[in-house]
2 protein chains.
Amino acid sequence: MTARSTNTGEGSGAQDPHRDIPEATVARLPVYLRVLTSLAERNIASCSSEELAAAAGVNSAKLRKDLSYLGSYGTRGVGYDVDYLSYQIAREIGVTHDWPVIIVGIGNLGQALANFSGFSSRGFRTVALLDAAEQMQGRTVAGLEVRPFADLAEIVAAEQVSIGVISVPATAAQDVADAMVEAGISSILNFAPAVLNVPPGVDVRKVDLSIELQILAYHESRKAAEADETVDNGSEEGITA
Amino acid sequence: MTARSTNTGEGSGAQDPHRDIPEATVARLPVYLRVLTSLAERNIASCSSEELAAAAGVNSAKLRKDLSYLGSYGTRGVGYDVDYLSYQIAREIGVTHDWPVIIVGIGNLGQALANFSGFSSRGFRTVALLDAAEQMQGRTVAGLEVRPFADLAEIVAAEQVSIGVISVPATAAQDVADAMVEAGISSILNFAPAVLNVPPGVDVRKVDLSIELQILAYHESRKAAEADETVDNGSEEGITA
DNA sequence: CGGACTTTGTGACCGCGAGAACAAACTCGC
DNA sequence: GCGAGTTTGTTCTCGCGGTCACAAAGTCCG
C-alpha cells in the first residue's frame, strides 16, 4: 500500500527505513547483487532492467518492481548505474559491513562450509568453528581452530555474533539451536534435516538437501508418467512443434 | 517453474489426484514423510493431523489439505496410519524405488554431499562422482572412484541417470548443466552460485548458501534498526511485543 | 529547441496459497 | 443399535506475489 512512498527528501541522510520489503523480493536481491558484482568486474558501468533481469533469470517487470521497493535508483531512458545500484542493494540487505558467523558441527558438511569462499566473501566472516566431539577439537579447518561446543556462549558474546550455522546430525540440531538462542544468536541457517523450534524473534532458514532431491524426484516421476501417457494415447497437449 | 498448464482432468474428481499437486504442497511432502518415518521408528502406528502438523512445524489445516491432494488416506475420528500414509506419500513423490544420482564437482562440498547419508538414504543412490581436475581422478570418495567429467554421457546412459548434482565453481556451472542436459539428465540440483539456463522440460533447483545468509542478514539489519528506533523514541509503531 | 525514442516506475488484474470454520464420517461406550 | 465425541476433508475468504500494460521522465538528434 505505498505507505512508504511519501516522497521524503532524498539526500544521503535518507533513513527512510523502507519499512516493508516483501519476502520474495528480499530473496532475489542477493541474486541481483551478484549479477551487478559480475558486471562491475567486467567494467560495465550501467545496464538496463532488461539486461539485469536476463542475467538474474527473472522477468524485467518483476526486477523493476523489486528495485522500486528500495527507491528510485534508475534513470529513465538510460538504466541503472552498476556501482550505485550495487551499493544501494548491499546497504539495504545490510552487507556493507561484515557479519560474524559461527559454524557448529564440523563434519564433512561443516568443513565444506568453512572452506566455502562464497561464505567468507560478500559480507560474512567465519569467526569460530565449534564441535562437540573431542577428536575434532584442536584441529585446524580453513585456518580456524575447532573449539569445544561449550565455548559457544563465550564466543558469541565476545564477537557479537548474531548468525549461526548448524551442520550437526539431526538428532543434535534442536539442542544446538536452543544453545544458540540462549547465547543470543537471532538468525540460524540450519543444514540438519530437522524441524527447529525457536522463540519468536529468531529467524531460521533451512537448507535440506534430501528434500530438494525429493522434490526433483516428484517432478521426474510426473515427467515419466506423462511420457507414458503420451505414448499410450498418441497426442495429448503435445509439444506443438 | 515449468508451469504445467492445460489442466484437462476435470471429471474424475477424487480419484486420480495425480494431476496437479501444488508446488507448495510438494515441497512439504518430504517433511511429512520424514516425520512419519521417525514415528514409525518409534513404533507409533497412527497419529492425528494435529500431531503430525506439530512435528512438521505447520498448521494442521494446511497439513490436512496437503494430504487431501493425494487422496483420502485418513480415518475420521481416528487419524492416519503411519505406515500406510508413509507409503502413499513415498509413492506420490516417487521414492519407492531408488533414483540414481551423479555428482559433478568433487571439491569440499561435493565430497560432503557424497558422504552425506541423507543423500543415499531415502530413495537416492549416488552412482558416480565426476570431476574435471586430473588430480581428483582415480581418488576414492565415499566408496566411489572419481571419474573424469568426459565420462558423463556414458555413465548417464548406462545407469539411466535422470538427476544430477552440480557442485562446481560458478564459472563452470553452465557448461556442466549444458553437458548434463545433452546427456539426457532432466533434473538438476545446483549448488553453484550461478543462474542456470536450461531448456524447457528440465527442472532446476538451486541451493545457494550465500543467498541464504544474506537473507538472514537483511532480517538481522532490520531487527537492529528496529531496536535502535525503540530505544530512540520509545513508542512508535504499536508492535508492543 | 522540440519531437521521437528509450527505459523506468507503478497501477490494475489475476491466480496461488494460507488459515479459519464447518460438515461428513468414523469409533467407542452403553 | 444409537448417541456422543473425535478427527478428517473441504469450502470460503483474504492477502501476497507475478505479469501486463502504460504513463512519466529522461536522452538524443535534427
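Any value given below was found using the heavy atoms of this structure, including those in side chains, with hydrogens, waters and symmetry copies removed. The sequence lines fix the lettering, A, B, ..., with proteins before strands; numbering per chain opens at 1.
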ask   = With sequence neighbours left out, what residues match A:S72 under side chain to side chain donor-acceptor pair (under 3.5 Å)?
value = none
task = Go through the structure and list residues passing side chain to side chain donor-acceptor pair (under 3.5 Å) with A:S86, not counting sequence neighbours.
result = none
query = Mind checking whether B:E51 and B:L39 have side chains closer than 4.5 Å, heavy atoms only?
reply = no
remark   = What residues 42-54 of chain A contributes to the DNA chain C interface at heavy-atom separation below 4.0 Å is A:S48, A:S49
task = Only counting residues at least two apart or in another chain, list the ones meeting side chain to side chain donor-acceptor pair (under 3.5 Å) with B:T75.
result = none
ask   = Got a sec, which pairs hit salt bridge (charged side-chain N to carboxylate O under 4.0 Å, His left out) with one end in residues 183-194 of chain A, sequence neighbours left out?
value = none
key: Partner set under side chain to side chain donor-acceptor pair (under 3.5 Å) for B:S167, not counting sequence neighbours   = none
Pairs involving residues 185-214 of chain A, ordered by first then second residue, that meet salt bridge (charged side-chain N to carboxylate O under 4.0 Å, His left out) (sequence neighbours left out) = A:D203-B:K223, A:R205-B:E212, A:D208-B:R34, A:E212-B:R205
note = Residue pairs meeting salt bridge (charged side-chain N to carboxylate O under 4.0 Å, His left out), one or both in residues 56-68 of chain B, sequence neighbours left out, come to B:R28-B:D66
ask   = How does protein reach along nucleotides 21-30 of chain D, written 5' to 3' as B (base within reach of a heavy atom under 4.0 Å), S (only sugar-phosphate), or - (no contact)?
value = B--BBSS---
N/O donor to acceptor pairs below 3.5 angstrom from side-chain atoms of residues 174-184 of chain B, sequence neighbours left out:
from	atom 1	to	atom 2	distance (Å)
B:Q174	OE1	B:N197	N	2.9
B:Q174	NE2	B:D178	OD1	2.8
B:Q174	NE2	B:N197	O	3.0

Atom pairs, protein N/O to nucleotides 16-18 of chain C N/O, distance under 3.5 Å:
from	atom 1	to	atom 2	distance (Å)
C:dA18	OP1	B:R28	NH1	2.8
C:dA18	OP2	B:R28	NH2	3.0

ask   = For D:dG17, does either OP1 or OP2 sit under 4.0 Å from a side-chain N or O belonging to A:N59?
value = no
remark   = ring pair (Phe, Tyr, Trp, His ring centres under 6.0 Å) filter on A:Y87, not counting sequence neighbours, yields none
